[in-house]
Amino acid sequence: MFASAYPVRVDGALDRHLSRWLWLVKWFLAIPHYVVLVFLWLAFAVLSVVAFFAILFTGRYPRAIFDFNVGVLRWTWRVQYYAYGALGTDRYPPFSLHDDPAYPARLQVEYPRQLSRGLALVKWWLLAIPHYLVTGLFVGGTYAVWHGGGGLIGILVLIAAVAVAFTGSYPEPVFDFVLGMNRWVLRVAAYAALMTDQYPPFRLDMGGTDPGSTLTVDSMPEPCDVR
């Protein structure tokens, strides 16, 4: 692992062949996921409150809640990657909270053995404010993990969609930038959800493979040959 690795790792492998026009209807195809995610995020919010009090009293994030909340972030990332958060794959996302090594979008969070009780009081509303300002530009307006194609990410994904429609190719610099912004957003989401005490770096780690990913090249789907 890299010395500067962050405990939240977000990876994405661009499909070799993307449909020129499927992106026009992905909003419709992803509706079943959107419905499920509404309920998952309600559960995420409630369980995060439970985890907050558990950290205050024990200094530990309950493992079952941690695994569930990571699963919600993972599910969200896969749907975002398929739909208008990246449009990086045409493979339909699995309905699962678990990691799927075969799917081109992956998210992992290291379980913290111990968390600061004091930081739990201020991380999510005070310390994360500078990051909220930055990620708000990425996702549009206020901070949100689920951004539905808004902000700078939405603009660049739209540019990529037009490029795919007319050339059949996703511009590599655009893909790298989109992945970097999504990675930043998800790191902040995990920090605000108290999953780590390590402050998110003010760094745009671009490209499909997270610098701190423990995945090997062989374990990730083969990336696209972008021309």
Side-chain angles (χ1 to χ4, degrees), residues 9-38 73-96 100-107 134-189 203-211 213 215 217-227:
R9 298 185 296 276
V10 180
D11 295 278
L14 188 62
D15 276 3
R16 283 187 176 279
H17 304 289
L18 289 168
S19 167
R20 292 181 182 238
W21 304 110
L22 185 62
W23 61 271
L24 290 170
V25 296
K26 282 185 176 180
W27 65 270
F28 176 75
L29 298 177
I31 286 177
H33 280 284
Y34 297 151
V35 173
V36 175
L37 282 169
V38 168
L73 289 176
R74 181 180 292 130
W75 194 322
T76 300
W77 169 230
R78 286 193 296 236
V79 176
Q80 287 284 69
Y81 192 75
Y82 170 79
Y84 304 108
L87 290 178
T89 183
D90 288 339
R91 291 185 55 191
Y92 200 69
F95 285 84
S96 173
D100 183 352
Y103 197 75
R106 300 179 70 183
L107 180 145
V134 175
T135 55
L137 297 175
F138 294 164
V139 301
T142 57
Y143 174 78
V145 179
W146 185 261
H147 49 83
L152 185 55
I153 291 176
I155 293 171
L156 291 181
V157 169
L158 178 59
I159 291 172
V162 173
V164 169
F166 285 97
T167 70
S169 244
Y170 197 125
E172 186 173 9
V174 175
F175 176 77
D176 289 345
F177 199 14
V178 166
L179 260 289
M181 289 188 288
N182 274 295
R183 186 169 289 129
W184 194 322
V185 170
L186 288 162
R187 285 173 178 172
V188 176
R203 185 177 71 230
L204 195 63
D205 289 326
M206 299 193 295
T209 302
D210 193 293
S213 178
L215 305 174
V217 173
D218 291 336
S219 69
M220 283 294 293
E222 193 172 2
C224 175
D225 290 332
V226 181
R227 294 184 296 273

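Starting from 1, each residue takes its place in the sequence as its number.
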So does Asp11 get a backbone contact from the side chain of Arg106, meaning a donor-acceptor N/O pair under 3.5 Å? no
For the pair Phe95 and Trp75, name the ring-plane relationship: parallel under 30°, tilted 30 to 60°, perpendicular over 60°. perpendicular
State, to 0.1 Å, how close Ala86 and Tyr170 come at their nearest heavy-atom pair, and which atoms those are. O-OH, 2.6 Å
Taking everything shown except Phe166 itself, do over 12 heavy atoms lie less than 6.0 Å from its CZ? no
What is the distance from atom OG1 of Thr89 to atom CG of Leu18, rounded to the nearest 0.5 Å? 7.0 Å
Just by distance, do the side chain of Tyr84 and the backbone of Trp23 share a donor-acceptor pair under 3.5 Å? yes
Using the rule ring pair (Phe, Tyr, Trp, His ring centres under 6.0 Å), only one of Trp27, Tyr34, Tyr92 pairs with Tyr82; which is it? Tyr92
Quick check for you: to the nearest 0.5 Å, what is the distance between Thr167 atom OG1 and Arg20 atom CZ? 6.5 Å
May I ask you to decide if Ser96's main-chain N or O and Arg74's side chain share a donor-acceptor pair within less than 3.5 Å? no
Heavy-atom side-chain contact between Leu22 and Leu29 under 4.5 Å: yes
I need the minimum non-hydrogen distance between Arg187 and Arg203, along with the two atoms involved. NH1-O, 4.0 Å
Any side-chain heavy atom of Trp77 within less than 4.5 Å of one from Leu73? no
Do Leu179 and Met206 have side-chain heavy atoms sitting under 4.5 Å apart? no
Is any side-chain heavy atom of Leu186 closer than 4.5 Å to a side-chain heavy atom of Gln80? no
Quick check: do Leu37 and Val79 have side-chain heavy atoms less than 4.5 Å from each other? yes
When rounded to the nearest 0.5 angstrom, what distance separates CZ in Arg16 from OG in Ser169? 11.5 Å
Are the side chains of Asn182 and Phe138 in touch, meaning some heavy atoms are under 4.5 Å apart? no
Short question: side chain of Arg91, backbone of Pro104 - any donor-acceptor pair under 3.5 Å? no
Does any part of the side chain of Val174, heavy atoms only, come nearer than 4.5 Å to the side chain of Leu156, both counted from C-beta? yes
salt_bridge(Lys26, Asp90) N-O dist < 4.0 Å: yes
Hey, could you give me the OH/CZ distance between Tyr81 and Arg78, rounded to the nearest 0.5 Å? 13.5 Å
Side-chain contact, heavy-atom cut-off 4.5 Å: Leu87 with Val164? no
Which value, rounded to the nearest 0.5 Å, describes the distance between Arg9 atom CZ and Thr209 atom OG1? 12.5 Å
Short question: side chain of Asp205, backbone of Asp210 - any donor-acceptor pair under 3.5 Å? no
